[in-house]
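One structure is given here, and the rest of the page talks about it.
Small disclaimer: the values here were computed from a predicted structure and weren't measured.
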Amino acid sequence: MNTSTPAIHTAPARTILSVSGPEARAFLQRVITADVETLQPGQCRPGALLTPQGKLAVDFLLFADGDTVWLDVPAGAADALAKRLSMFRLRAKAEIVINTGLAALWSEHPFAGSAPDPRLGDDLHRGIGPATGDAATLDALEILHGIPAFGRDYGEAEVFPTDVNLDVHGGVGWKKGCFIGQEVVSRMKRRGTIRKRALAVSFSGEAPARGTPVMAGTGTIGEITSSHGHHAIALVRLDRLEAASETPQADGQPARIDLPDNLRPEAPAEKI
């Protein structure tokens with residue numbers, strides 16, 4: 001039996017924002033992509049605020065307890081998100097606060113108050129609390145498992161939530177009702193027009209840098225968005241990957257692309 005205390009790290013590039021009050025959940029439910037009403041203590045769920053055109057303004061991880069919802073947000077986007085949420089709040093009884101006394105925490109093992117990151121299951125546990133003395137980025141772990149990140153792999157209004165797999169990890173509440181940008185992304189799913197996905201890519205040598213095209217023969221099928229060691233993330237056109245008759249490569253190296261079953265193209269849906 002392992003009784004050792006897990007190493008808990010502070011994620012220095014993350015900021016904690018809270019939305020609290022009797023109408024906090026109802027307010028967020030009609031604004032962001034994730035289903036906030038069903039989020040329980042001990043759970044963690046991805047979500048995002050979209051532009052009216054359906055692209056990501058910023059994404060985050062959600063935690064909740066009673067009338068308070070905490071958002072684990074990329075630090076560089078926290079102020080802008082707080083201002084946007086304040087604008088959308090109107091008369092809702094909800095207070096929006098950037099919590100400078102709290103930090104985003106993570107570990108590869110469960111710890112008190114933590115929840116599994118649904119994008120990585122038991123490989124990563126997330127929580128919120130006072131900052132620890134051990135600050136460590138998540139880049140290497142996320143890139144290894146093909147988890148793209150705002151500010152590293154994409155920026156504001158550059159991608160749809162489906163491009164970065166937010167939907168397959170519970171970050172889009174397809175049946176919860178309207179949210180900003182909902183019409184665009186639900187139409188993409190309904191018509192089966194989700195063409196791009198962020199995928200894990202591995203190489204025998206050092207992975208190419210961000211911006212390197214991923215090729216199949218003379219055709220471009222994607223682009224590297226981040227890399228670490230032998231691993232990378234690439235935004236890939238699924239139709240071109242499926243049609244490729246030659247081994248994908250980037251910067252002259254063969255590229256091993258992981259396409260899980262849950263990221264394969266879907267047939268058009270009748271109704272959402």
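- Residue R30 places its CZ atom among more than 12 non-hydrogen atoms of other residues, nucleotides or ligands, all under 6.0 Å distant.
- Annotation for K196: atom NZ does not count as buried by contact number, only 12 or fewer foreign heavy atoms lying within 6.0 Å.
- Note that the CZ atom of R119 and the CG atom of N165 stand 10.5 Å from one another [nearest 0.5 Å].
- Under the 4.5 Å side-chain heavy-atom criterion for ILVMFWY residues, a single connected hydrophobic cluster contains both F160 and I194.
- Under the 3.5 Å distance criterion, the side-chain polar atoms of T15 are left unmatched by any main-chain donor or acceptor of V73.
- Minimum heavy-atom separation, G173 to F179: O-CE2, 4.1 Å.
- In this structure, OG on S20 lies 14.0 Å from NZ on K93, to the nearest 0.5 angstrom.
- Looking at heavy atoms from C-beta onward, C44 lies in side-chain contact with P118 at the 4.5 angstrom threshold.
- A single hydrophobic cluster is seen to contain both V36 and L71, as judged by linkage of ILVMFWY side chains at heavy-atom distances under 4.5 Å, directly or through other members.
- Residues Q43 and T38 approach most closely at OE1-O, 3.6 Å, considering heavy atoms.
- In this structure, L105 and I128 have side chains that are not in contact, with every pair of non-hydrogen atoms separated by 4.5 Å or more.
- Closest approach of V172 and P161 over heavy atoms only: CG2-CB, 4.4 Å.
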### Task
Could you walk me through whether V236 and E223 pass the side chain to side chain contact (heavy atoms under 4.5 Å, CB included) test, one step at a time?
CA-CA 7 Å; V236 176; E223 183 178 292; over 6 Å; no
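- Considering only heavy atoms from C-beta on, D134 stays 4.5 Å or farther from T10 through its side chain.
- Partner P265 forms a side-chain contact (heavy atoms from CB on, under 4.5 Å) with one of D239, L241, L238 and no other, that one being L238.
- Hydrophobic cluster membership differs between L235 and V214, with clusters built from Ile, Leu, Val, Met, Phe, Trp and Tyr side chains linked at under 4.5 angstrom.
- Between A198 and L263, the shortest heavy-atom distance links the atoms O-CD1, 4.1 Å.
- Side chains of I233 and V201 form no contact here, defined as non-hydrogen atoms less than 4.5 Å apart.
- Remark: R89 does not engage E23 in a salt bridge, criterion side-chain N to carboxylate O under 4.0 Å.
- Counting heavy atoms of neighbouring residues, nucleotides and ligands inside a 6.0 Å radius, atom CD of E183 does not exceed 12 of them.
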#### Entry: Check against side chain to side chain donor-acceptor pair (under 3.5 Å), S18 and N99
CA-CA 7 Å; S18 65; N99 295 268; 3.0 Å; yes
### Task
Might you work through the salt bridge (Lys or Arg N to Asp or Glu O under 4.0 Å) test for D117 and R45, ending with a clear yes or no?
CA-CA 7 Å; D117 187 326; R45 181 173 295 166; over 6 Å; no
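- Counting only heavy atoms from C-beta outward, the side chains of K176 and Q29 approach each other to under 4.5 Å.
- Put simply, the side chain of T33 gets close to the backbone of A48: a donor and an acceptor are under 3.5 Å apart.
- Residues I32 and F27 have side chains not in contact (no heavy-atom distance under 4.5 Å, counting atoms from C-beta outward).
- Hydrophobic clustering of Ile, Leu, Val, Met, Phe, Trp and Tyr side chains at less than 4.5 Å, counting indirect connections, unites L166 with V159.
- Side-chain contact check for I221 versus I257: some heavy-atom pair is nearer than 4.5 Å.
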#### Entry: Test log, rule side chain to side chain contact (heavy atoms under 4.5 Å, CB included), inputs V185 and W174
CA-CA 9 Å; V185 293; W174 296 113; 4.3 Å; yes
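- Checked for salt-bridge contact, E242 and R195 miss the test: no charged N lies under 4.0 Å from a carboxylate O.
- Among all heavy-atom pairs drawn from L85 and V19, the shortest one is CD1-CG2, 4.3 Å.
- In this structure, D163 does not pair ionically with R237, as no charged nitrogen and carboxylate oxygen lie closer than 4.0 Å.
- Here T247 contributes atom OG1 and Q253 contributes atom CD; the two are 13.5 Å apart, rounded to the nearest 0.5 Å.
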### Query
I16 and I98: side chain to side chain contact (heavy atoms under 4.5 Å, CB included), yes or no, with the steps?
CA-CA 6 Å; I16 303 303; I98 294 177; over 6 Å; no
Side-chain donor-acceptor contacts of residues 52-69 below 3.5 Å, not counting sequence neighbours, with atom names and distances?
from : atom 1 : to   : atom 2 : distance (Å)
Q53  : OE1    : T51  : OG1    : 3.4
D59  : OD2    : Y154 : OH     : 2.4

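- With hydrogens and angles disregarded, no donor-acceptor distance shorter than 3.5 Å links the side chain of H125 to the backbone of H109.
- No side-chain donor-acceptor contact under 3.5 Å links H228 and D139.
- A side-chain donor-acceptor contact under 3.5 Å links D153 and S226.
- Using a 4.5 Å cut-off between side-chain heavy atoms of Ile, Leu, Val, Met, Phe, Trp and Tyr, with links allowed through other members, L17 and W70 fall into different hydrophobic clusters.
- In this structure the side chain of S107 never reaches within 4.5 angstrom of the side chain of S114, judged on heavy atoms.
- Rounded to the nearest 0.5 Å, atoms OG1 (T162) and NZ (K189) are 9.5 Å apart.
- Residues P208 and S227 approach most closely at O-OG, 3.0 Å, considering heavy atoms.
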### Message
Assess the residue pair R126 and R14 against the criterion (side chain to side chain contact (heavy atoms under 4.5 Å, CB included)); give the C-alpha distance rounded to whole Å, side-chain angles, the decisive distance to 0.1 Å, and a yes or no.
### Response
CA-CA 12 Å; R126 307 293 290 258; R14 311 289 295 184; 4.0 Å; yes
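- For the atom pair NE2 (H145) and CG (L138), the distance works out to 11.0 Å, reported to the nearest 0.5 Å.
- Between the side chain of T220 and the main chain of G222, no donor-acceptor pair closer than 3.5 Å is present.
- With rounding to the nearest 0.5 angstrom, the CG atom of L144 is 9.5 Å from the OG atom of S202.
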